[in-house]
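Both backbone and side-chain heavy atoms feed into the values below; hydrogens, waters and symmetry mates do not. Just so you know, residue 1 is the first one in the sequence shown, and it goes up from there. Just so it is clear, the model here is predicted, and its values are computed rather than measured.
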Amino acid sequence: MKQALEKIELAAKAELEKISDSAELENLRVKFLGKKGELTAIMKQMAALSAEERPIIGQIANSVRSDIEAAVTKKAAELKAEASKRKLIEERLDVTLPGKAPKLGKLHPMDVVMHEIEDIFIGMGFDVVSGPEVEYDYYNFEALNIPPDHPARDTQDTFFITDNILLRSQTSSVQVHVMEDRKPPIRILSPGRVYRSDAIDATHSPIFHQIECLVVDKGITMANLVDTLNMFLKRLYGEDAKIRLRPHHFPFTEPSAEVDIVCFNCGGKGCSMCKGEGYVELLGAGMVHPKVLANCGIDPEVYSGFAFGLGLERVTMGKYGINDLRLLYENDLRFLEQF
Ligand code: DAH
């Protein structure tokens, strides 16, 4: 029996050597130490031993059991250490590898120019306000002195949602909202999207952007308009920027003017860009029509005002020498990354 016990111990230790994971280890423990294991089977035979032999064999059996238990525990600890070592190796990070640089976005050239213009006007004490793009006929036309059959509607044909509701064709509609909501003195700038049923080409788009400016107070004259325009355009284009006013007609201003700027390309000599004129058209402006003031509840006998509206696309194209409007909308990164 002593030999059988020693054989068990040797066998257990030999098998332990070959074990490589915890499931195998558990099988081995059950095989040798479990209730139906080899050691238990031998212990059951001890009843047959003599009184002298029993304590001696019992002692050997106990020491074999505790030897195997100790060996199993030791193996379990080794397996655990190996597993965590393996995990550390598998999950190792090479902190010296070069990182992936995050892709930084940038502002669209029209946003850059818009923010620049807003900053110039905020610096002169203006508020930046926004108005609805889906608009009542009244705000887009009627209140601006463009009644239903007025020919000016033809040049601003837009998209109608109902007979009475449309996509605004000009930011001048914001003038009406502001004058309804505020008492003079009023100094606002309002950038935003406008719509016209035009086919898209190098200079036209059914969606484009305007910036509207409105000043209403006591004693506002054309001189204030010219001075504000000069200040604005010199800040935007540099001290050399020179403008001229040409008489024009807008239903919502009287008198009205178109404002041209000395050609960016030839500096006034005349070239293909300005069609030999030396100037390029920049914006529409004028003194707010007394009827428009009255429509908005402002007494034209007490107050006067000026307004102008400019196309953001045209200003951006002039500033950066862009010759096709479509480039601004196509989201081609090769174009946009140049700004
Ligand atoms: N709303 C005009 C347009 O889209 C531009 C304009 C002209 C705006 C004169 C004004 C103005 O405020 O006074 O053609």
Side-chain angles (χ1 to χ4, degrees), residues 1-112 114-115 118-119 128 130 132-134 161 191-193 207 326-339:
M1 197 171 271
K2 186 182 165 202
Q3 277 163 3
L5 284 168
E6 280 165 358
K7 235 173 100 186
I8 288 176
E9 180 163 357
L10 283 176
K13 288 191 172 161
E15 282 186 36
L16 257 180
E17 290 290 308
K18 294 181 216 140
I19 272 173
S20 60
D21 69 39
S22 56
E24 284 173 17
L25 184 65
E26 178 59 13
N27 288 341
L28 180 137
R29 196 189 61 76
V30 172
K31 180 177 169 195
F32 288 98
L33 304 173
K35 273 196 191 125
K36 290 175 184 159
E38 295 186 15
L39 204 56
T40 314
I42 302 248
M43 303 286 261
K44 279 182 185 155
Q45 295 165 22
M46 286 205 6
L49 295 175
S50 67
E52 293 89 54
E53 273 180 315
R54 213 177 293 149
I56 297 165
I57 296 299
Q59 210 180 12
I60 295 172
N62 280 338
S63 103
V64 167
R65 169 177 286 279
S66 61
D67 277 0
I68 297 177
E69 273 171 0
V72 167
T73 310
K74 189 171 156 232
K75 187 74 186 179
E78 280 170 18
L79 287 177
K80 210 173 142 192
E82 265 170 38
S84 75
K85 201 167 142 193
R86 215 178 307 126
K87 206 167 160 212
L88 279 177
I89 290 169
E90 277 166 11
E91 292 176 2
R92 182 157 59 190
L93 285 180
D94 183 351
V95 293
T96 66
L97 279 176
K100 283 188 195 148
K103 277 208 166 178
L104 279 188
K106 43 168 92 173
L107 288 177
H108 190 280
M110 283 210 290
D111 284 322
V112 173
M114 189 175 82
H115 292 165
E118 285 178 3
D119 283 348
V128 176
S130 62
E133 288 175 31
V134 181
I161 289 158
R193 229 173 264 149
I207 304 177
R326 288 167 289 200
L327 288 167
L328 292 171
Y329 304 128
E330 283 165 353
N331 286 335
D332 187 333
L333 289 181
R334 291 170 302 177
F335 169 75
L336 293 174
E337 278 172 350
Q338 298 175 45
F339 301 95

Shortest non-hydrogen contact between [X] and [Y], atoms and distance:
{"X": "P109", "Y": "F339", "value": "CG-CD1, 3.7 Å"}
{"X": "I68", "Y": "A12", "value": "CD1-CB, 3.8 Å"}
{"X": "V134", "Y": "I161", "value": "CG1-CD1, 3.7 Å"}
{"X": "P191", "Y": "E118", "value": "CG-OE2, 3.3 Å"}
{"X": "M46", "Y": "R54", "value": "O-NE, 3.5 Å"}
{"X": "L16", "Y": "A71", "value": "CD1-CB, 3.3 Å"}

Checklist entry - For atom CD of Q3, is the number of surrounding heavy atoms from other residues, nucleotides or ligands below 6.0 Å larger than 12? => result no

Checklist entry - Does Q59 CD have over 12 foreign heavy atoms under 6.0 Å away? => result no

Would you say [X] and [Y] make side-chain contact, with heavy atoms under 4.5 Å?
{"X": "E24", "Y": "D21", "value": "yes"}
{"X": "K31", "Y": "E15", "value": "yes"}
{"X": "E6", "Y": "V64", "value": "no"}
{"X": "L33", "Y": "L28", "value": "no"}

Item to check | Sequence-distant partners of R29, side-chain hydrogen bond (donor to acceptor under 3.5 Å, both in side chains), two or more places apart | outcome: E26

Next on the checklist: side-chain contact (heavy atoms from CB on, under 4.5 Å) for L328 and F335? Distances and angles first, verdict last.
Outcome noted: CA-CA 8 Å; L328 292 171; F335 169 75; 4.3 Å; yes

What distance do [X] atom [atom1] and [Y] atom [atom2] have between them, rounded to the nearest 0.5 Å?
{"X": "D67", "Y": "R65", "atom1": "CG", "atom2": "CZ", "result": "12.0 Å"}
{"X": "E82", "Y": "K75", "atom1": "CD", "atom2": "NZ", "result": "6.5 Å"}
{"X": "E78", "Y": "L25", "atom1": "CD", "atom2": "CG", "result": "10.0 Å"}

Next on the checklist: Evaluate E17 against K13 for salt bridge (charged side-chain N to carboxylate O under 4.0 Å, His left out), listing each step before the verdict.
Outcome noted: CA-CA 6 Å; E17 290 290 308; K13 288 191 172 161; over 6 Å; no

Item to check | Step-by-step side-chain contact (heavy atoms from CB on, under 4.5 Å) determination, I56 to L49 | outcome: CA-CA 10 Å; I56 297 165; L49 295 175; over 6 Å; no

[X] (side chain) donor-acceptor with [Y] (main chain) under 3.5 angstrom:
{"X": "T73", "Y": "E69", "result": "yes"}
{"X": "H108", "Y": "N331", "result": "no"}
{"X": "E9", "Y": "L5", "result": "no"}

Next on the checklist: Test side-chain contact (heavy atoms from CB on, under 4.5 Å) on L336 and K106; report intermediate values, then the result.
Outcome noted: CA-CA 9 Å; L336 293 174; K106 43 168 92 173; over 6 Å; no

Next on the checklist: Could you go through M114 and D111, starting from their C-alpha distance and side-chain angles, then the distance that decides it, and tell me whether this counts as side-chain contact (heavy atoms from CB on, under 4.5 Å)?
Outcome noted: CA-CA 5 Å; M114 189 175 82; D111 284 322; 4.2 Å; yes

